[in-house]
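Whatever order the structure lists ligands and atoms in, that order sets their numbers, starting from 1.
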Amino acid sequence: MCGGRRRRRGGGSDAGAGGRGFCGPALAVVALAAAAVVAFLEGTAGGISYAGDGWLHECAKWDAEGGRFLVSTFFGAGVAEVRVGAGKEEDALAERVFVADPEVSGRVALGLAVDATRRRVLVAYADRPPRFGYAAVGAYELGSGRRLFLVRLDGPGESSFADDVAVDEDGNAYVTDIMGSKIWKVSPDGEPLSIIKNGTFTQRAGTANNLIGLNGIVYHPNGYLLVVHTSGGDLFKVDPRTGGVGVVKVRGSLKRGDGLELLSPTRLAVAGMPSRLVESSDDWETASVTGRYVGPAHRVGSSATVKDGDVYVNHIFGFGLGSKKTHVLAKAVFAPL
Ligand SMILES: *[C@@H]1O[C@H](CO)[C@@H](O)[C@H](O)[C@H]1NC(C)=O
């Protein structure tokens with residue numbers, strides 16, 4: 001399928017087009033086999049797919065008031081919206097640019113947080129890899145997309161990679177740095193307030209255990225942050241007032257965990273490879289991995305959000321031959337462990 005103008009609901013394959021027209025018999029067999037694998041994986045996706053710009057979409061969050069998913073478009077350096085339930089069934093779902101802030105053009109847009117109370121969306125920005133010399137967070141009105149603030153976070157000469165963002169009930173934003181394993185705190189008006197850095201965030205020595213550090217982050221209604229360390233697989237409970245950091249004792253593995261979403265005060269979705277459901281009955285002193293969801297693994301799950309009680313997992317990779325790629329927001333059904 002080229003051009004991404006077709007709407008699919010959790011079936012079919014768009015990668016099969018890759019094997020058409022330019023390969024010999026042996027390659028054709030390989031391409032067919034690959035297409036079959038992709039078709040199988042896609043078939044397990046459920047949820048929605050849509051046409052979007054570029055290969056990489058890091059994060060999607062449901063904006064209930066707007067009736068749309070907001071999606072970060074990486075090289076698009078901004079936020080797109082994907083409206084569902086509007087228009088006819090046969091209409092293709094396609095993203096539309098919502099925020100393209102000229103001040104961050106040439107950077108990449110990563111984690112998003114919808115602050116429904118203040119009717120705004122926060123966006124974490126990083127430098128375009130392999131450069132790591134820019135980190136920022138922006139806030140934009142949900143209605144108009146108008147910028148409220150854009151604040152630079154990285155220090156002089158510092159390498160960083162701002163990846164994800166969470167908002168507390170007062171509107172403070174918390175942005176994770178996966179390179180430095182720290183958290184930038186920014187006021188509701190966009191003033192940098194503090195940096196939460198703590199040796200506890202590094203539980204395991206060695207490069208392999210720290211390639212991707214602090215990543216997904218959520219604010220818990222009981223007044224603390226939950227943050228996952230992707231390479232190490234550790235989950236942290238962080239007190240944003242004191243900078244105190246505790247390690248949540250998790251039964252089961254959270255390695256390669258990426259974006260987070262609280263489904264309730266006791267249930268946490270951890271998107272990643274695979275995506276996992278984690279539950280705690282003691283205010284996140286301890287927790288257990290209780291469910292697992294693989295989905296279209298070749299696309300790489302990266303963030304989770306809740307729409308009408310269902311968990312939707314965003315996937316980083318879009319596929320397709322045209323200028324538009326097909327992206328998948330898979331409805332996650334966690335298999336109990
Ligand atoms: C790191 O966290 C520990 C445990 O909560 C705390 O005792 C310590 O003061 C923190 N360190 C810093 C630098 O904030």
Side-chain angles (χ1 to χ4, degrees), residues 111 113 122 124 126 132 135-137 151-262 265-268 270 272 276 278-289:
L122 290 110
F132 301 99
V137 63
V151 59
R152 186 93 183 249
L153 300 171
D154 58 302
E158 179 188 41
S159 287
S160 66
F161 197 78
D163 193 87
D164 208 352
V165 56
V167 186
D168 70 17
E169 71 263 358
D170 297 324
N172 297 298
Y174 303 89
V175 181
T176 51
D177 173 14
I178 64 174
M179 284 189 89
S181 279
K182 62 178 182 288
I183 300 167
W184 290 286
K185 180 176 181 180
V186 172
S187 81
D189 305 323
E191 290 298 317
L193 293 177
S194 60
I195 295 173
I196 303 172
K197 209 169 158 68
N198 196 305
T200 307
F201 285 141
T202 306
Q203 288 290 302
R204 290 165 179 74
T207 313
N209 287 320
N210 294 283
L211 279 178
I212 304 179
L214 287 195
N215 192 340
I217 185 166
V218 284
Y219 182 76
H220 191 285
N222 289 352
Y224 50 85
L225 300 157
L226 293 172
V227 195
V228 72
H229 187 296
T230 297
S231 295
D234 298 295
L235 185 67
F236 299 104
K237 179 177 173 179
V238 180
D239 184 334
R241 284 164 298 271
T242 65
V245 179
V247 184
V248 180
K249 291 173 205 68
V250 179
R251 200 164 54 83
S253 170
L254 289 181
K255 270 199 190 285
R256 296 176 308 284
D258 194 341
L260 306 182
E261 184 72 38
L262 275 174
T266 63
R267 297 166 80 235
L268 178 71
V270 180
R276 281 151 284 195
V278 191
E279 297 186 64
S280 173
S281 54
D282 58 5
D283 210 24
W284 298 94
E285 292 298 313
T286 69
S288 297
V289 179

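- Counting heavy atoms from C-beta on, the side chains of Asp163 and Asp258 come closer than 4.5 Å.
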From CA spacing to verdict: side chain to side chain donor-acceptor pair (under 3.5 Å), Asp164, Asn215 | CA-CA 6 Å; Asp164 208 352; Asn215 192 340; over 6 Å; no
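- Of the protein's non-hydrogen atoms, the one nearest atom 4 (C) of ligand 1 is Val245 O, 3.4 Å.
- With Pro192 as reference, Val151 is the one residue of Val151, Val175, Val137 to meet the side-chain contact (heavy atoms from CB on, under 4.5 Å) rule.
- Nearest protein heavy-atom contact of atom 13 (C) of ligand 1 is Lys197 O, 3.9 Å.
- Of the possible polar contacts, one joining the Ser253 side chain to the Lys255 backbone as a donor-acceptor pair under 3.5 Å is found.
- For atom 6 (C) of ligand 1, the closest non-hydrogen atom of the protein is Asn198 ND2, 4.3 Å.
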